[in-house]
Amino acid sequence: MSQSVHVHAFCDLLDGGGVVDDPEQIATYTTDQRQLFTGSTFAVLKPATTKQVADIVRVAARQSIGIVPQGGNTSYCGGATPDASGRQIIVSLERMDRIREVDPVSMSISVDAGAILKNVQDAAATAGLLLPLSLGAEGSCRIGGNIGTNAGGLSVVRYGMTRDLLLGIEAVLSDGTVVSDMRKLRKNNTGYDIKQCFVGSEGTLGIVTGAVLRLAPLPIRRATAWLKLAMDAPLAELLALVRRESADLLTTFEFMTARSIALASEAMTNPPSVRAGAGGTVLAEFASSSRHLDLDGLMEAVLAEAIESGWIEDAFLAQSGSQRTAMWEVRETIPEGEKRRNGSVKHDISVPLSSIQRFLDLAGSQVRSYDADLELSVYGHVGDGNLHYNVLVPPGVDRIAFTKRIESGLSLQLYDTAAALDGTFSAEHGVGRFKKHLLERYGDVGRIAAMRRIKTAFDPADIMNAGAMVRPLGKGSAS
Ligand code: FAD
Ligand code: 2HG
Ligand code: ZN
């Protein structure tokens, strides 16, 4: 069947604006966030209802057309990008962006999967509640994509990943069946927890169309501090001290090296004058919904103890909202700083907290012996054992060729080190198309077999995001 016949079949299902087949408009959807790969498609479909999603899936399945679900296209592993065959359509959820309900008593929010994360945060805040999922891309990523990648971000140390916030789901399976489980229940032991199958599934099992998310009391007080670390400060011990002595009011514990801070500062119009210590910096924040807690006093006491222990050289407590914003801006501008310099080869690793220091030591030696001229930007959510151990692409060098060279050499050494320390090659960014070989290299054989069985059960014909993460049984190797 010709492509124009396919397009007509979808036009019959969707109203005007629901089918994009103009090549120029399509182009904005077919390149991945890091601009490492451009795929091909004959149409981007933008359903407005769950029924339209189900209709699309039925037509696509009948005609053996693959589907790539897309949210904000901010993910880092190429999972939202179609392959080069031209036989996959993109289903963008961007028109399904309604906040369906905020329930302040149950402390939950029900949304369409295409809702932008920031809009969901704002809707919760209007009701005096917090959606405790926060990441640099929150102005453009969408809830379906957050579920698809099990997004982490900046407050996982207190509230967990997307997985921990998901109460209910609505999703369309590969034959058009709608799973309707938009429940607010904290407790519901009535069989397999189907919603969790979709978390981190990267569009390979079905299309998420709605979600119910857990909310928390909205913090009204925060204490934000910039900790200048002493050389070789023991990060895990420092974190344990801060958590214990703050009665676990810690919401953020972000590590940044001086190089990452300098990159962010170069990209900022008004960079703050704060500097890193000899061992880097930790941005730590306490948050509380109570008017009765003196968070600044608590932070000062904790910092004094950390200075006493010799783990930090000095610390600054933000004295105003604008000082706090400036500290946060440094952290959140690091990815942009890397991009402006010519990008980075990203290593989103995590190891058990007890091995963070060991990873930093071993990885540092590996980089030095691989090429002493390489520059690093190392930072991340160290409170969760997650580091962005990024190798900077030298200015003037071909970014894609450099990325390929590093990824086929040094990257594997770094991932081997993470694996030897019982860690992972992808802490929060997923597998997508770019890290499939790593799943095969490091994944437990039994776990991959179980993943393939799940994929086969949900999507035997491999309609849903074929080529990303994992294949069904009977379709060659795991990926
Ligand atoms: P997309 O990129 O559109 O899709 C991601 C995957 O989910 C794809 O496989 C896609 O097929 C699938 N998918 C999308 N929508 C659906 C759906 N409705 N149903 C089923 N599958 C679907 N990530 C973090 O975890 N932590 C961070 O701190 C973080 N910071 C970032 C900072 C910046 C500046 C940028 C650019 C990215 C950052 N990311 C971070 C990565 C990215 O924002 C997250 O992975 C995010 O969850 C992706 O959401 P999205 O809507 O853009 O998804
Ligand atoms: C962050 O923590 C994101 O800012 C981006 O996960 C990480 O760009 C990166 O390497
Ligand atoms: Zn991150």
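Indexing begins at 1, ligand by ligand and atom by atom, following the structure's order. These figures come from a predicted structure and were not determined experimentally.
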Could you list which atoms of ligand 1 come closer than 4.0 Å to a heavy atom of [X]?
{"X": "Q33", "answer": "36 (C)"}
{"X": "H381", "answer": "28 (O)"}
{"X": "G206", "answer": "20 (C)"}
{"X": "N465", "answer": "9 (O), 11 (O)"}

Between T224 and E285, do the side chains contain a donor N or O and an acceptor N or O under 3.5 Å apart?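 Side-chain D/A pair, E285 to T224: present.
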Does one side chain, of T204 or E202, offer a donor that lies under 3.5 Å from an acceptor on the other? no
Hey, does [X] come in under 3.5 Å of ligand 1, counting only N/O atoms on both sides?
{"X": "V208", "answer": "yes"}
{"X": "T149", "answer": "yes"}
{"X": "L135", "answer": "no"}
{"X": "L154", "answer": "no"}

Report whether any nitrogen, oxygen or sulfur of E428 sits less than 2.8 Å from the Zn ion (ligand 3) (N, O or S, backbone or side chain). yes
Does any N, O or S atom in H429 come within less than 2.8 Å of the Zn ion (ligand 3)?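 No, since none of the N, O or S atoms of H429 sits under 2.8 Å from the Zn ion (ligand 3).
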Does [Y] offer a backbone N or O that forms a donor-acceptor pair with the side chain of [X] under 3.5 Å?
{"X": "Q366", "Y": "L410", "answer": "no"}
{"X": "R87", "Y": "S64", "answer": "yes"}
{"X": "D83", "Y": "G39", "answer": "no"}

Of all the non-hydrogen atoms in the protein, which one sits nearest to [atom], and at what distance?
{"atom": "atom 8 (O) of ligand 2", "result": "K346 NZ, 2.8 Å"}
{"atom": "atom 7 (C) of ligand 2", "result": "Y379 OH, 3.3 Å"}
{"atom": "atom 5 (C) of ligand 2", "result": "Y76 CE1, 3.4 Å"}
{"atom": "atom 2 (O) of ligand 2", "result": "R331 NH2, 2.7 Å"}

H381 heavy atoms, cut-off 4.0 Å: which ligand 2 atoms fall inside? 2 (O)
What part of N390, side chain from CB on, backbone N/CA/C/O, both or neither, has a heavy atom under 4.0 Å from ligand 2? side chain
Compute the minimum heavy-atom distance from G432 to ligand 1 and say whether it is under 4.0 Å.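 Judged by the 4.0 Å heavy-atom criterion, G432 does not count as contacting ligand 1.
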Below 4.0 Å from any atom of ligand 1, is there a heavy atom belonging to S201? no
Does some non-hydrogen atom of E332 fall short of 4.0 Å from ligand 2?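 Contact check E332 vs ligand 2: negative.
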Can you confirm if the aromatic rings of F286 and F253 lie within a centre distance of less than 6.0 Å? no
Applying the salt bridge (Lys or Arg N to Asp or Glu O under 4.0 Å) criterion to E170, which one of R100, K195, R183 satisfies it?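 Only one option passes, and that is R100.
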